[in-house]
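Side chains included, hydrogens not; waters and symmetry mates left out as well; all remaining heavy atoms used. Read the numbers this way: they start at 1 and go in the same order the structure lists the ligands and their atoms.
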Amino acid sequence: MPVPMIDRRKLLLGSAALALSGCKVFDSATDRDSALRRLFASHEGLTQTAQRALIGDRLAPEFTEADIRQGQRPNGSVDPSGADYRQMAETGFADYRLTVSGLVDTPLSLSLADLTAMPSRTQITRHDCVEGWSCIAKWQGVPLGTVLTLAKPKLTARYAVFHCYDAIERSLSGEVFYYESIDLLDAYHAQTILAYAMNGAPLPVANGAPLRLRVERQLGYKMAKYVHTIELVDSFAGLGFGKGSYWADRGYEWYAGI
Ligand SMILES: Nc1nc2c(c(=O)[nH]1)N[C@H]1C(S)=C(S)[C@@H](COP(=O)(O)O)O[C@H]1N2
Ligand SMILES: [Mo]
């Protein structure tokens, strides 16, 4: 006797589902026992690659004005002493220029007026320092992605390096200026901004005036203050000791995800 059509369909669907569960098509990187997750984690615990696969485009938490309980605690360099910086600060940063260079089709030189005229983003976020303190503050600035889109990174560009005005180290062999970097995934993230205002006022010198990076899914040391140049590169070979950041060159993680 022929099987009615509807039952045949049910039968086929049933066996297809069985086959699928057998080969774990629904395995997900977020499952504890996922083969994908084991593969990612196989080298050094939960590596940068695995963290990235798990967080995707996730936003860092944002807060309300009522959550801002104290000023942003200044840390690291708080008052760059270089003559070029001092002179700029005395004239309200009127002569400041942000340079965008390296692997870009259109190198840029932008004044603060240029930057503040661009569409801005405001976000209230928590800053976590590796030393164990946190502060919630309101940040306003230009999305880094907007600036990079103007500069047109070449296809070979992989990282944005931030060069800063503050000499963080002085020795007989010279001065070492603070430097940091992020990859282009973080550079184009919605909450990654070049901030020129904090808690409703121009960025204070202690917190990185006139322009500092906010990259909200990473620790405080990634958020370069006193930025004068953003350089697009394909490797860190020509920078410091090759790890991509002042602190990474001194033993911290380059990818400081939180
Ligand atoms: N140029 C520069 N950027 C810097 C630092 C620094 O010393 N120089 N310190 C980093 C560290 S460790 C932290 S926690 C934050 C501190 O930012 P804040 O002073 O606004 O709190 O800036 C980061 N960016
Ligand atoms: Mo920090």
Side-chain angles (χ1 to χ4, degrees), residues 60 62-63 67-86 88-89 93 96-100 112 115 122-142 144 159-171 174-182 186-187 191-231 236 239-241 243-258:
E62 293 194 16
F63 299 85
D67 298 312
I68 304 173
R69 299 214 177 76
Q70 72 281 298
Q72 173 74 17
R73 172 181 162 166
N75 198 42
S77 299
V78 293
D79 196 11
S81 57
D84 48 354
Y85 183 84
R86 294 255 52 94
M88 244 185 7
F93 300 102
Y96 172 80
R97 288 288 181 284
L98 171 70
T99 301
V100 184
L112 267 187
L115 290 161
T122 301
Q123 57 204 27
I124 301 176
T125 51
R126 198 186 67 202
H127 178 109
D128 295 315
C129 174
V130 72
E131 293 162 9
W133 55 269
S134 302
C135 278
I136 290 174
K138 180 162 85 174
W139 303 98
Q140 184 188 2
V142 189
L144 176 56
Y159 309 102
V161 175
F162 303 87
H163 297 281
C164 307
Y165 275 110
D166 55 313
I168 181 116
E169 218 177 275
R170 281 192 186 78
S171 68
E175 293 178 314
V176 180
F177 293 89
Y178 201 87
Y179 53 97
E180 253 304 342
S181 62
I182 57 177
D186 263 335
Q191 290 169 315
T192 301
I193 63 173
L194 296 167
Y196 47 72
M198 187 190 85
N199 293 336
L203 191 62
V205 165
N207 302 102
L211 199 70
R212 70 98 53 88
L213 178 68
R214 298 295 309 169
V215 47
E216 304 293 355
R217 301 181 303 177
Q218 298 203 48
L219 289 172
Y221 63 83
K222 300 299 291 184
M223 316 226 199
K225 308 197 283 187
Y226 316 111
V227 174
H228 61 75
T229 299
I230 302 174
E231 185 191 4
F236 302 136
L239 184 71
F241 303 133
K243 298 261 171 64
S245 117
Y246 176 79
W247 285 114
D249 276 338
R250 283 150 189 84
Y252 285 85
E253 296 295 323
W254 173 78
Y255 185 74
I258 45 179

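- Applying the salt bridge (Lys or Arg N to Asp or Glu O under 4.0 Å) test to pairs two or more places apart or on separate chains, those with a residue in residues 244-258 are Glu169-Arg250.
- In this structure, Lys243 has no salt bridge (charged side-chain N to carboxylate O under 4.0 Å, His left out) partners at least two apart in sequence or on a different chain.
- Protein residues lining ligand 1, listed by chain and number: Gln72, Arg73, Pro74, Asn75, Gly76, Ser77, His127, Cys129, Trp133, Cys164, Asp166, Ile168, Tyr178, Ala206, Asn207, Arg212, Gly220, Tyr221, Met223, Ala224, Lys225, Tyr226 [non-hydrogen atoms, distance under 4.0 Å].
- Listed by chain and residue number, nothing satisfies the side chain to side chain donor-acceptor pair (under 3.5 Å) test with Lys225 (two or more places apart in sequence, or in another chain).
- If you take NE2 on His228 and OH on Tyr85, they are separated by 11.5 Å, rounding to the nearest 0.5 Å.
- Looking at heavy atoms from C-beta onward, Ile193 lies in side-chain contact with Gln123 at the 4.5 angstrom threshold.
- Note: Ile68 CD1 to Gln70 CD = 9.5 Å, rounded to the nearest 0.5 Å.
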